[in-house]
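Below is one structure, written out as structure tokens, with a few remarks after it.
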Amino acid sequence: MAAMNLVVSPGVHYSCLKAGNRFSISKPKGYKLGPRAALVEAGPRVDGNGTPAVALQVLGGDRAAELQAEAKAMARAANASVYSPELLANKYGSRPVQAVKRTLEILVALGSFGTKLLFDQRNGTLDRNKRERAIELRSIFTRLGPTFVKLGQGLSTRPDLCPPEYLEELAELQDALPTFPDADAFSCIERELGMPIESIFSSISASPIAAASLGQVYKAQLKYSGQTVAVKVQRPGIEEAIGLDFYLIRGLGLFINKYVDIITTDVVALIDEFSRRVYQELNYVQEGQNAKKFKTLYADKEDILVPDIYWKYTSGKVLTMEWVNGVKLNQQAAIESQGLKVIDLVTTGIQCSLRQLLEHGYFHADPHPGNLLATPEGKLAFLDFGMMSETPEDARSAIIGHVVHMVNRDYDAMARDYYALDFLATDVDVSPIVPALRDFFDDALNYTVSELNFKTLVDGLGNVLYQYPFNVPAYYALILRSLTVLEGLALYADPNFKVLAASYPYFAKRLLTDPNPYLRDALVELLFKDGRFRWNRLENLLIEGKKDRDFSAKDALQPVLKLLLGPDGEELRTLTIKEAIRVTEAVILGSVADAYNSAPSFVQTLMINGNGNGPLAMSSGDLEAMMDLRNQVVRIWALLTSSETFDPALLQPILQVLQQPEGRSLGGRVIGGITQRLAARLLQQLLRTPTVPASSL
């Protein structure tokens, strides 16, 4: 903490202690600050002279009390354990007997299960014994402890990997695990919070309403407010159980990194990342802060619900939060009985996940059905914020750009994306990777976006990754887990659901509206090819982008307009001028053709050189192409203007620039080009020339 003086009002000085971006203030002698101590929250700002400064907001009342309660909760969790491979190695490296015993326990349990599957296969009873074997596997994972329960939870959401019988049994691992004694749980609450349980709750369930891998949950009522809450209490001895498993798993990772050449990914780094996340789950104050941050970032949408945290009754091993009434997403019948649709809720989850991954970069890394509830109001409630992760800022744009390059079949650009994604070191030559990408994606992209399966792409890309010196970052593995879990949930309700089809409107919206230079360049790449503007791509982007509820016509194409009218947009201006001439010609001549076709026959004979080609000296194929272009531009304009957020002010920046010398020059070039084209058309008509000479532009 750093001490400082602060002037809040003339002549009144406060002495304050700074901790991070918060300040605690003590009032000056003789000055009344109010019945409660105040807090000040600091945030960056820039003053009128452009000088960086600190904006301080004095917090009082409930907000100040909440921050003080959070600070006390943090103090209670000051000694929470953190993941340290070195500490685990020192601890269990000196206990070889314990390590060997645990290794044998795991090998015997999984080995016996594998042997039974082998016998079932040989005897032709594999299908008949599925339910029995699924129950056995659930029992094995439960017996082996929290680490393997986590593994089972992941498998329970993958219908593409496990038969239905296994999915149903492994789903029990989400919140139906064996409980530990209630007396131990209540004793933990009193010890952690430092007060008798009857002084905290007016009532609490006699037994847990759910038991998960790391703790169990009770339903209670706060004594001071009557608010119904969920109270999560950590399992006793959990750190010892997972610590030994992670020590053994990391040893296996070291062996793979050293001796298994076919796997180029740093397995130890992935294990360390996962282990670090699990250890963070053991600190319930950290989980509460994760929930608070998640609510701030994503609960602004009306169909997302994140429970509040009660900091006064939270510590490192006890978490008290708002009670949420809801049904797990894999309980389709119960959800539909409330008039809700699972697919709608999963789509909401996907849209929220895309915001998590690609906007703020802070995402829920453990979205299994036990952590996602459908509320009676139709909201999607997120629970359990112990395992969170972050997408690096550069990677967020690179992921969207990668999708654009994939759709565009620009495999050279796709290969270069792996630098920004941190898959490859910058000194690695990507040219050998391009043919492998082409071989896979040329086949995959023969399907439409709505037919593409996320798992198919992941598996195919995985085959490419294994062949070359890729190093898959830990955040990427958690992203894949998050999206594959959501796709797996959707497959319960609709076997034909495709997560990429549900995601595409979001990508389209971001491309059309995001000012990020990387995405702006990706949009230009998508719309222009070989000097021609691809109107069909723009139309498709607008159609898909409008499906996203946050799409704004006001913001659409603004990034490209700024580049077009900016100092670095000369190359784009040249392309745009050519396209503006072509479109204007199509609109004018299309209107002439429409007028000619709608006129009576005797009037048609009086029109210019009334001949077999009508009023225009061009082939029927050229005329049809021109009419198609005009109609497509009209449809695109209709898509923009039909949006509720359309604002004619969208055109204001263009008009302002056209009034400047550079803008007048651009407008003059367009008008000159149109004049040349129409003059050439008129001359051809007079000479009855059937073809149109190439533009001089």
Side-chain angles (χ1 to χ4, degrees), residues 100-180 210-214 216 235 241-242 244-245 248-249 252 256 274 327-336 342 346 366-372 453-456 458-459 462-463 480-481 484-497:
V100 170
K101 182 179 178 181
R102 177 59 173 170
T103 302
L104 290 175
E105 180 184 6
I106 295 171
L107 291 176
V108 168
L110 296 180
S112 63
F113 178 77
T115 302
K116 290 180 181 179
L117 286 182
L118 185 60
F119 278 126
D120 286 345
Q121 186 175 24
R122 288 184 176 180
N123 296 332
T125 59
L126 195 62
D127 290 336
R128 190 175 65 198
N129 292 339
K130 274 184 181 177
R131 176 67 63 180
E132 181 183 348
R133 297 291 176 250
I135 294 173
E136 287 180 12
L137 184 60
R138 172 171 58 82
S139 176
I140 288 171
F141 282 164
T142 301
R143 191 168 64 250
L144 288 177
T147 307
F148 290 87
V149 168
K150 286 285 183 186
L151 173 62
Q153 288 174 348
L155 291 174
S156 72
T157 62
R158 297 306 306 268
D160 51 329
L161 297 179
C162 299
E165 294 83 357
Y166 283 78
L167 296 176
E168 292 172 11
E169 292 300 328
L170 293 178
E172 296 287 320
L173 297 174
Q174 289 157 10
D175 54 12
L177 292 167
T179 62
F180 58 90
S213 55
L214 304 182
Q216 58 193 35
R235 287 182 179 274
I242 66 171
L244 178 55
D245 283 346
L248 296 174
I249 293 172
L252 178 61
I256 293 173
F274 178 73
V327 180
K328 292 192 295 184
L329 281 197
N330 60 352
Q331 297 179 352
Q332 184 177 355
I335 291 174
E336 292 181 349
V342 174
V346 171
D366 192 23
H368 64 71
N371 294 339
L372 297 170
N453 183 288
F454 182 71
K455 181 182 178 296
T456 300
V458 170
D459 290 346
N463 292 332
L480 293 186
R481 168 183 163 81
T484 51
V485 163
L486 285 169
E487 185 171 59
L489 285 171
L491 292 176
Y492 278 109
D494 181 3
N496 297 316
F497 183 86

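In this structure, the side chains of L173 and F148 stay at 4.5 Å or more apart for every pair of heavy atoms. Residues I135 and E168 have side chains not in contact (no heavy-atom distance under 4.5 Å, counting atoms from C-beta outward). By the 4.5 Å heavy-atom criterion applied to side chains, L137 and E169 are not counted as neighbours. When side chains are defined from C-beta on, D245 does not count as touching L144, because their heavy atoms never get closer than 4.5 Å.
Here D120 contributes atom CG and R128 contributes atom CZ; the two are 8.5 Å apart, rounded to the nearest 0.5 Å. To the nearest 0.5 Å, atom OG1 of residue T125 and atom CD of residue E132 are 9.0 Å apart. Rounded to the nearest 0.5 Å, atoms CG (L248) and OG1 (T147) are 9.5 Å apart.
Listed by chain and residue number, nothing satisfies the salt bridge (charged side-chain N to carboxylate O under 4.0 Å, His left out) test with R143 (two or more places apart in sequence, or in another chain). Considering only residues two or more places apart in sequence or on other chains, K101 meets the salt bridge (charged side-chain N to carboxylate O under 4.0 Å, His left out) condition with none of them.
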**Study point:** R133 vs E165, salt bridge (charged side-chain N to carboxylate O under 4.0 Å, His left out): CA-CA, chis, key distance, verdict
**Key:** CA-CA 9 Å; R133 297 291 176 250; E165 294 83 357; over 6 Å; no

**Study point:** Verdict with supporting geometry, L372 and V346, side chain to side chain contact (heavy atoms under 4.5 Å, CB included)
**Key:** CA-CA 10 Å; L372 297 170; V346 171; over 6 Å; no

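Sequence neighbours left out, the pairs with a member in residues 106-119 that pass salt bridge (Lys or Arg N to Asp or Glu O under 4.0 Å) are K116-E136.
Of all heavy-atom pairs spanning A241 and P146, the tightest one is CB-CD, 4.3 Å. Heavy-atom minimum distance, L170 versus G152: CB-O, 3.9 Å.
Between F113 and Y166, the ring planes lie perpendicular to each other; the angle is over 60°, past the 30° to 60° tilted range.
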